Amino acid sequence: MIHWDDATIDRFQRALLTWYDAHGRDLPWRRDHDPYHVWLSEVMLQQTGVSTVIPYYEKWLAHWPTIAELAAADEDAVLKEWAGLGYYSRARNLLKTARVITNERGGQWPQDAAGLKQLPGIGDYVAGAVASIAFSQPVPAIDGNAYRVFSRLLLIDTDIRSSAAKKVFNDAITPLIPADRPGDFNQAVMDLGSSYMRAKDPDSAHSPVAAFDAAYQQGVTDQYPVKAPKKKPVAKAYTALALLAPDGQVVWQQRPPRGLLADLWTWPLLTGDQQGASAPELIQQLADEHGIILDPALVLRVQPVGGNGVVHVFTHQRWTITVVQLTLADVPPLPANARWLPLTQQELALPTMQRKVSAYYNRNKAE
DNA sequence: TAGCCGTGGGT
DNA sequence: TACCCAAGGCT
């Protein structure tokens, strides 16, 4: 690893901030330094691209212009606004923190990173980003961009997925932060990491800090950052049931409050590919796995819908979902976590997985 | 402390 | 197709 002297640090800061002043991105959350805006954007941007976030960010603020209004929202409404962004605990934690700030702290934010980290959903990165951008605290905001940028500039060969990485990079970056512009410094690093020093096909030669880029100078940019490979997602098979009542409504079921897609709504999912199963088998499995009791005499038809089904890949699971329609002669009662609603209902928070299943059903259902 | 937790886009 | 990547946090 390379260590810079004070004069080099000073020149680096000037090169970075001069470039940022002239070429920094004009993004919706950079219009001011309101901690609500900074915090909301940083949470949305976790593991999520800028172009994906912008429309969600604008819609969110139109819905809840202030943190006090967010604090008064229902969790159902918050999840619905978030639906499609993924990592849904981020949305639940946004609501929790909004309520802590509004109801327990009189609308006052903690102004340093340690205080911010106490809030739900705020870890080292978001704490550093909000503390530096909204409150001008001289702390780093170490995200994937910072890992990539400083591993190249300083030839840091610590595996960025290792438990040691956070401290190594924190110690390396902290002395480089200018006391007068910590927020701009951190945001400049993000812009650098998404442009000249991006992960794929970087343009190190034209970077404003090319003169400070040791990996570029030595022709080893493609070796940084050092990052251990991750595991393949585990394959799982499910069958989604379209339980169709005579009035055209189907059964929607809310998932458990913890785990994958927590609290979101899908059609009843049976484990395994049950395309060839009989009506009694499907009814039995539906009772065993979901507590939905159907009288076999109510089943008019059992029809597989489409062929191979839908593939949906999560970070750690790969789902193959086949679809079966059970046409019923009546509208039987449901447990508390399930509801009869039309195929086209717009009121529930649906994960992308269910949106794919619904679209697949509409393409393949019997005429 | 690894494993869990989404999604869309690019190659 | 099967990867990888994108402003991580929680347990």
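Only heavy atoms go into these numbers, but all of them, side chains included; no hydrogens, no water, no symmetry mates. Throughout, protein chains are lettered first and strands after them, A, B, ... in sequence-line order, and every chain is numbered starting at 1. In this text the structure is predicted, and so the values were computed from the model without any measurement.
Aromatic ring centroids of W109(A) and W39(A) lie under 6.0 Å apart. Taking the six-membered ring for Trp and the full ring otherwise, the centers of Y147(A) and F169(A) sit less than 6.0 Å from each other.
Taking the C1' atoms as reference points, dG8(C) lies 16 Å from dT1(B), given to the whole Å. Distance check on atom C1': dA7(C) versus dT11(B) gives 23 Å, rounded to whole Å. The same atom, C1', is picked in dG8(B) and in dC10(C); the two are 24 Å apart, to the nearest Å. Comparing the C1' positions of dC4(C) and dG6(B) gives a spacing of 15 Å, expressed to the nearest Å. Look at the P atom in both dC5(B) and dA6(C): the space between them is 23 Å, to the nearest Å.
Relative orientation of the F150(A) and F12(A) rings is perpendicular, given thresholds of 30° and 60° on the angle between their planes.
Listed by chain and number, the residues in a side chain to side chain donor-acceptor pair (under 3.5 Å) with N103(A) amount to none (sequence neighbours excluded).
The footprint of chain A on DNA chain B, defined by a heavy-atom cutoff below 4.0 Å, extends from dT1(B) to dG10(B).
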Determine all donor-acceptor pairs shorter than 3.5 Å in which one atom belongs to a side chain in residues 210-220 of chain A; sequence neighbours excluded.
from, atom 1, to, atom 2, distance (Å)
D213(A), OD1, A215(A), N, 3.2
D213(A), OD1, Y216(A), N, 3.0
Q217(A), NE2, A210(A), O, 2.8

Problem - B/S/- contact track for nucleotides 6-11 of chain C, protein heavy atom under 4.0 Å - result: BBBSS-

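Figure legend: cation-pi geometry between R339(A) and W265(A), with NZ or CZ positioned under 6.0 Å from the six-membered ring centre and within 45° of its axis.
Listed by first then second residue, pairs satisfying ring pair (Phe, Tyr, Trp, His ring centres under 6.0 Å) with a partner in residues 307-330 of chain A read Y238(A)-W319(A), H312(A)-F314(A), F314(A)-W319(A), not counting sequence neighbours. For residues 59-70 of chain A, the set of pairs meeting the salt bridge (charged side-chain N to carboxylate O under 4.0 Å, His left out) definition, not counting sequence neighbours, comprises K59(A)-E81(A).
Taking the nucleotide of DNA chain B with the nearest heavy atom to each of K231(A) and K356(A), the more 5' of the two is matched to K231(A). Judged by closest nucleotide on DNA chain B, S162(A) is the one of S162(A) and L264(A) placed further toward the 5' end.
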